[in-house]
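These notes are about the structure you will find just below.
So you know, we letter chains A, B, ... as the sequences are listed, proteins then strands, and number each from 1.
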Amino acid sequence: MGLNIYNSLSRQKEEFVPIQEGRVSMYVCGPTVYDYPHIGHAKSYVSFDIVVRYLRYLGYNVRYVQNITDVGHLLDSGEDRILKRAEREKVEPMELVEKYTHAYFQAMDALNVMRPDISPHAAAHIPEQIEFVEKLLAKGYAYESKGSVYFDVDKWPNYGKLSGRKVEDQQAGARVDVLDEKKNPADFAIWKKAEPEHIMQWNSPWSRGYPGWHLECSAMSMKYLGESLDIHGGGMENQFPHHECEIAQSEALTGKSFVKYWMHNNMVMVDGVKMSKSLGNFTTVSDALSKFSGQQIRFFVMQSHYRSPVDFSDMAITAAGQGLERLVQTVNNLTSMIGQVVDGDASDEIKEIAAKYRKQFEADMNDDFNTPNAIGTLFDFSKEINKRVQEGTLETKQSLMVLNETFRDLSENVLGLSFEKEESDVEAAPFIDLLLEIRRELREKKEWQLSDLIRDEMQNRGVLIKDGKEKTSWSVKK
RNA sequence: GGCGGCGUGGCCAAGUGGCUAAGGCGGAGGUCUGCAAAAUCUCUAUUCAUCGGUUCGAAUCCGAUCGCCGCCUCCA
């Protein structure tokens, strides 16, 4: 069975067949960089990171584009998010953008999220967006009104196909005041005339102004990925209106299908309600990183499915971290044994075991990136390995290496976990070995008090001591 | 008002018609150990919000009820 992806457009799982064989074009809505990223962003971008990693694991040549929104994203009040925040922090808008773009990438790096191949900024693509508006006007799908340009929803009968909504069912002005310059309240801005106090503005044929928020994703995805893309991802809350508007303006422009597979990830909840900037109930990634490792947060996110909401709490992350430790231990167990066994071919039985778990893992992932199941498979695999390590039935170096490579390929390359030791740990290794040698002599003399003191103090410093039958080994606890 | 989703053990979480309802955390006990830790083994849901229905067979499909959540032009 090949890869199946749940397509929001058809509301069912579909077999994944890229437009062009062997290649995948993928676009994910990136953050509006006006504040620090929070755990909600972590879930979203970790989820899509896994999509990219798995597609690459399957051998696809993936081009992954994720935008940085630095203009045009308005608040209910009509103010630009970036401008408002810049005013508050008393910095230039672009200074603010720079600061939070850095913070975003820093957080994503800590979570081991791969950088997109292209991270285009909306403000750096104003000419492309103006051209987009011009073409829509020429085709009659948009109209100018008082210096702004709106997409004419009435001209586009498919409007609502993604979100399953009908324009007439919506409560106009439910949240935002209706502008009388629009023909239909559902029409959305693709170019906005700037108020004088709005600093971020550009010349256009209609007014000095700025592009509508929905436009950037269409313009930039087309520029870098072509008129039709394989996968477009984003948060569920963006399905309507953002993605609906993207489809409308893009397909109106090209007359072609814009996106083959729409993927939407669910929200992070706190005590049953959505974690969001506006509710103020968010934990930033850097706050979380002061208590937990990036890997632990990542593991927590992957333990639920990307289309399910997940409730965030310290307890839940701690529990996830405990589970993760078992996988880390498994790799430690394997690597510490490699030096102790003889050279020789891997047994067929071991090769079969490795192949069996790899196959199961792939089956899990093929089912719409079911990471909770894939992790379950890793735990089963881990148990099987630990059992054999303990029984001492892994007799050759190559047997160990087959298991080690398979286990690490799946957990590191696909799930993005990392079992590499920190550089500082490697530097400390000779000293740790020295301490253990001293402790060994103390234990031989049965000086338990002193040997236990060494063990406890090392543990307090994050080094875990394990006394085996033959020898003592250690690992770093994160 | 419209559209969509969810409710599975003490906690988290897979499973969407058919072997004994994955897995993790937590808990109990055993093995190993000088004692620990780690690992490992065993146990920890006759039952899937409730009530009906369809079916040889339902956590899974249908209907109703209760509870919760998201979106309806701000948010990943």
Side-chain angles (χ1 to χ4, degrees), chain A residues 8 11 28-32 34-35 37-45 47-48 73-79 81 160 163-166 168-176 178 185-189 212-214 233-242 244-245 264-269 272-279 282 299-300 303-305 307-311 313 315-316 318-326 329-330 332-333 364 367 370-380 382-383 386-387 389-391 443 446 448 451-452 455-456 459 464-469 473 475:
Chain A
S8 305
R11 290 162 210 268
V28 171
C29 290
T32 300
Y34 70 111
D35 205 343
H38 57 69
I39 298 295
H41 297 96
K43 174 170 165 69
S44 182
Y45 299 118
S47 299
F48 289 114
H73 201 167
L74 304 186
L75 293 159
D76 282 0
S77 55
E79 296 165 288
R81 291 167 173 277
S163 53
R165 290 158 204 255
K166 294 189 181 84
E168 59 273 20
D169 288 341
Q170 304 303 308
Q171 282 182 353
R175 220 188 58 223
V176 176
V178 178
D187 293 346
F188 57 92
W213 174 49
H214 310 302
M236 232 164 218
E237 81 287 354
N238 274 337
Q239 191 168 347
F240 188 89
H242 185 55
E244 196 70 61
C245 295
H264 290 98
N265 71 281
N266 218 314
M267 305 288 104
V268 173
M269 319 291 284
V273 295
K274 183 174 80 160
M275 177 183 284
S276 73
K277 297 259 167 88
S278 46
L279 290 174
F282 60 91
F299 196 72
F300 163 74
Q303 271 194 315
S304 63
H305 190 85
R307 281 190 288 111
S308 304
V310 61
D311 219 286
S313 68
M315 223 175 84
T318 304
Q322 287 302 320
L324 175 63
E325 261 311 299
R326 291 166 73 86
Q329 273 308 329
T330 300
N332 286 340
N333 289 344
D364 297 331
D367 183 19
N370 195 329
T371 52
N373 269 343
I375 287 172
T377 298
L378 280 186
F379 276 114
D380 293 341
S382 157
K383 193 169 248 187
N386 287 329
K387 203 168 148 185
V389 166
Q390 183 154 306
E391 287 168 351
R443 291 178 73 217
K446 300 197 190 300
W448 307 125
S451 74
D452 287 356
R455 180 178 70 196
D456 296 345
Q459 191 158 330
L464 223 60
I465 306 297
K466 286 165 288 184
D467 292 324
K469 218 168 200 167
S473 60
S475 62

| query | If you measure from the C1' atom in B:rU20 to the same atom in B:rG52, how many Å do you get, rounded? | reply | 29 Å
| remark: Ranking B:rA14, B:rA76, B:rU73 by distance to the side chain of A:Ser308, first place goes to B:rA14
| field | Closest listed nucleotide, where the reference is the side chain of A:Phe379 and the choices are B:rC25, B:rG23, B:rA14 | value | B:rG23
| Where the side chain of A:Ser451 is defined as all heavy atoms beyond and including C-beta, which of B:rU73, B:rG34, B:rA39 is the nearest nucleotide? | B:rG34
| Side-chain donor/acceptor of A:Arg11 to base of B:rG4, under 3.5 Å | no
| How long is the line joining NZ of A:Lys383 and C1' of B:rA22, in whole Å? | 12 Å
| said: Whether the side chain of A:Asp452 and the base of B:rG34 hold a donor-acceptor pair under 3.5 Å is what I'd like checked. | reply: yes
| query | Can you tell which of B:rG70, B:rC35, B:rA22 lies closest to the side chain of A:Arg443? | reply | B:rC35
| Nearest-Å distance for atom pair CG/C1', residues A:Asp467 and B:rA36 | 8 Å
| Under 4.0 Å between a Lys/Arg side-chain N and an Asp/Glu carboxylate O for A:Lys383 and A:Asp380? | no
| query | Taking atom C1' in both B:rC43 and B:rC3, what distance in whole Å separates the two? | reply | 47 Å
| field | Whole-angstrom distance between B:rG27 and B:rA64, as gauged at atom C1' | value | 39 Å
| message | Does B:rG15 have OP1 or OP2 under 4.0 Å away from a side-chain N or O of A:Asn370? | response | yes
| What integer number of Å spans the C1' atoms of B:rC61 and B:rG18? | 14 Å
| said: Suppose you measure atom C1' in B:rA45 against the same atom in B:rA22; what distance do you get, rounded to whole Å? | reply: 13 Å
| query | For A:Tyr45 and B:rA76, is the gap between ring centres under 5.5 Å while the planes differ by less than 30°? | reply | no
| Atom CD1 of A:Ile39 and atom OG of A:Ser44: how far apart are they, to the nearest 0.5 Å? | 12.5 Å
| request: Starting at atom CG of A:Asp380, determine the distance to atom P of B:rA22, rounded to an integer number of angstrom. | output: 11 Å
| request: Report the nucleotide, chosen from B:rG26, B:rC35, B:rG24, that has the shortest atom-to-atom distance to any side-chain atom of A:Gln303. | output: B:rG24
| Distance test, side-chain N/O of A:Ser163 to OP1/OP2 of B:rC72, below 4.0 Å | no
| said: Please give the distance between the C1' atoms of B:rU47 and B:rU8 as a whole number of Å. | reply: 9 Å
| query | Should the pair A:Phe282 and A:His38 be assigned to parallel (<30°), tilted (30 to 60°) or perpendicular (>60°) ring geometry? | reply | tilted
| request: Could you state the atom-to-atom distance from CZ of A:Phe282 to C1' of B:rA76 in whole Å? | output: 13 Å
| query | Donor-acceptor pair under 3.5 Å: do we get one between A:Arg326's side chain and the base of B:rA39? | reply | no
| task | Sticking with atom C1', work out how far B:rG53 lies from B:rA13, rounded to a whole angstrom. | result | 30 Å
| field | Within-4.5 Å side-chain heavy-atom neighbours: A:Met315 and A:Thr318 | value | no
| query | So, does the side chain of A:Arg307 form a donor-acceptor pair with the base of B:rC6 at under 3.5 Å? | reply | no
| request: Examine B:rU40: is either OP1 or OP2 under 4.0 Å from a nitrogen or oxygen in the side chain of A:Asn386? Give yes or no. | output: yes
| task | To the nearest Å, give me how far apart CG (A:Asn373) and C1' (B:rU16) are. | result | 13 Å
| Nearest-Å distance, CD (A:Glu391) to P (B:rU40)? | 11 Å
| said: Give me the distance, rounded to whole Å, that separates B:rA14 from B:rG7 when you measure between the C1' atoms they each carry. | reply: 15 Å
| query | Angle class for the A:His214/A:His242 ring planes (parallel below 30°, perpendicular above 60°, tilted otherwise)? | reply | tilted
| request: Return the value, rounded to whole Å, for the distance between atom CD of A:Gln239 and atom P of B:rG5. | output: 10 Å
| field | Gap between atoms NE2 and P, on A:His41 and B:rA76 respectively (whole Å) | value | 4 Å
